[in-house]
Amino acid sequence: MDTAGKVIKCKAAVLWEPGQPFKIEEIEVAPPKAHEVRVKIIATGICRSDDHVVEGLIKDNKYPVILGHEGAGIVESIGEGVTTVKPGDKVIPLFLPICGECRGCVEPKSNFCYKSDIGRKTGLMSDNTSRFTCNGKRIHHFINTSTFTEYTVVDEMSVAKIHDDAPLEKVCMIGCGFSTGYGSAVNVAKVEPGSTCAVFGLGGIGLSVIIGCKVAGASKIIAIDVNNKKFEKAKEFGATECVNPKDYENPIHEVIQKMTNGGVHYSFECIGNTNIMVSALLSSHVSCGTAVIVGVAPSVSTLSFAPMLLLTGRTIKGALFGAYVQC
């Protein structure tokens, strides 16, 4: 049945309010307007930042909402003026759009488009309306994507066409987890051959960081997690050693410093815990170490450490989406 130009009824996981479970609802998805794309979502993952919204840890997020930002699908229909994709194309929705006009897009060292909803938290499309309704009630979008639904609508600048033979159940990870982790190693930290690395947190992002460190030629990659069951997979992806902080009396940064003659060249916090962010910084070498903040902390969190930790030569940095830019 041709659905172009028509409202589509489908299933979606709706979060009606924070602290409550998702409800599988029948929703209505409106046709795409000008410069918009409606996508049939085939596969999606869940990210810790989605969980933060469920728990109410992201300030000013709008509810009810359809979460999800790590997905892949097939273009169902396009709005007027869309030129980069066509119906039938396989695509990945992007939580970081590329308008190509704002300062965040034109700065060569930036990938943060000002039209991203990450800072604004409107929960709406570019025209400040929603394409989702449920029982007559407006449902909000989530950071330009919303993939916990059978169909979604995104701006053309928030979707990337991929190869026709791409396995959607695998490449959906490129929408966040893999790109964020791998890019943090190769684009943000710029890990060099022979360097030493410590990766805190062995979820999908942490494992992707490990892959990036290995590809970049790191000689030592220390994987750190409180769950020993994650170590086998970490070693399979390139970790040279695995450490559980619970196995030591001393703070984890002291353990890492002892293992690496004073600290690693590059450390990565892939959890979103500010205490562990400080541990990652302390685990880096006092005069030449770099700590990369990858995990998303609750929006009310603050990071506190002594300025001397940086004055001696350490660097702390971060980036969204592994500093990748849609081409």
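Residues: numbered from 1 along the sequence shown.
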Looking only at non-hydrogen atoms, find the nearest pair between [X] and [Y] and report the distance.
| X | Y | answer |
| --- | --- | --- |
| Ser77 | Pro87 | CA-CG, 4.2 Å |
| Glu269 | Ala280 | CB-CB, 4.3 Å |
| Lys121 | Lys62 | O-NZ, 2.8 Å |
| Cys213 | Ala185 | N-CB, 3.7 Å |
| Leu15 | Gln20 | CD1-O, 3.2 Å |
| Ile92 | Ala72 | CG1-CB, 4.3 Å |

Note, [X] side chain near [Y] side chain (heavy atom, < 4.5 Å):
| X | Y | result |
| --- | --- | --- |
| Asn244 | Phe231 | yes |
| Ile252 | Phe200 | yes |
| Thr180 | Ser208 | no |
| Pro32 | Val153 | yes |
| Ile74 | Val39 | no |
| Met125 | Asp155 | yes |
| Leu67 | Val54 | yes |
| His35 | Ser126 | no |

Rounded distance (nearest 0.5 Å) linking atom [atom1] of [X] with atom [atom2] of [Y]:
| X | Y | atom1 | atom2 | result |
| --- | --- | --- | --- | --- |
| Cys270 | Ile224 | SG | CD1 | 9.5 Å |
| Asn111 | Leu94 | CG | CG | 11.0 Å |
| His265 | Ser284 | NE2 | OG | 10.5 Å |
| Thr196 | Ile222 | OG1 | CD1 | 7.0 Å |
| Leu320 | Leu96 | CG | CG | 5.5 Å |
| Lys258 | Tyr248 | NZ | OH | 9.5 Å |

Say whether, by atom type as modelled, one donor and one acceptor occur between the side chain of [X] and the main chain of [Y] under 3.5 angstrom.
| X | Y | value |
| --- | --- | --- |
| Ser179 | Ile174 | yes |
| Glu36 | Arg38 | no |
| His140 | Pro64 | yes |
| Thr147 | His69 | yes |
| Ser130 | Ile139 | yes |
| Glu156 | Thr84 | yes |
| Glu232 | Lys235 | no |
| Glu101 | Cys105 | no |
| Lys161 | Asp89 | no |
| Asn144 | Asp117 | yes |

Any link between [X] and [Y] through a network of hydrophobic side chains (Ile, Leu, Val, Met, Phe, Trp, Tyr) touching at under 4.5 Å?
| X | Y | result |
| --- | --- | --- |
| Val292 | Ile256 | no |
| Val85 | Ile41 | yes |
| Val154 | Ile78 | yes |
| Val53 | Ile143 | yes |
| Val264 | Val186 | no |

[X] atom [atom1], neighbour heavy-atom count above 12 within 6.0 Å:
| X | atom1 | answer |
| --- | --- | --- |
| Asp247 | CG | yes |
| Asn261 | CG | no |
| Lys214 | NZ | no |
| Glu80 | CD | no |
| Glu26 | CD | yes |
| Lys115 | NZ | no |

Please lay out, stage by stage, how Val278 and Leu282 fare under the test side-chain contact (heavy atoms from CB on, under 4.5 Å).
CA-CA 6 Å; Val278 176; Leu282 288 165; 3.9 Å; yes
Checking Phe95, Phe132, Phe148, Tyr63 against His141 for ring pair (Phe, Tyr, Trp, His ring centres under 6.0 Å), the one that qualifies is Phe132
How far apart are the C-alpha atoms of Val29 and Cys10, what are their side-chain angles, what is the distance that settles it, and do they pass the side-chain contact (heavy atoms from CB on, under 4.5 Å) test?
CA-CA 8 Å; Val29 183; Cys10 68; 3.8 Å; yes
Salt bridge flag under 4.0 Å for residues [X] and [Y]:
| X | Y | value |
| --- | --- | --- |
| Asp51 | Arg48 | no |
| Lys40 | Glu76 | no |
| Lys230 | Asp225 | yes |

Could you check Ile221, Val209, Leu202, Leu207 and say which one makes a side chain to side chain contact (heavy atoms under 4.5 Å, CB included) with Phe237?
Leu207
Do Thr129 and Arg131 pair up side chain to side chain, a donor and an acceptor below 3.5 Å, judged on atom types alone?
yes
In residues 295-309, what donor-acceptor pairs under 3.5 Å come from side-chain atoms, sequence neighbours left out?
unit_1, atom_1, unit_2, atom_2, d
Ser299, OG, Leu57, O, 3.2
Ser299, OG, Lys59, N, 2.6
Ser301, OG, Pro298, O, 3.1

Mind checking whether Phe321 and Tyr324 have parallel, tilted or perpendicular rings, split at 30° and 60°?
perpendicular
Could you go step by step and tell me if Phe142 and Ile66 meet the side-chain contact (heavy atoms from CB on, under 4.5 Å) rule?
CA-CA 6 Å; Phe142 182 59; Ile66 296 174; over 6 Å; no
Check the pair Lys90, Val171 against side-chain contact (heavy atoms from CB on, under 4.5 Å), reporting the backbone distance first and the verdict last.
CA-CA 10 Å; Lys90 288 185 176 181; Val171 299; over 6 Å; no
side-chain hydrogen bond (donor to acceptor under 3.5 Å, both in side chains) assessment of Glu192 paired with Tyr266
CA-CA 10 Å; Glu192 299 123 339; Tyr266 302 101; 2.7 Å; yes
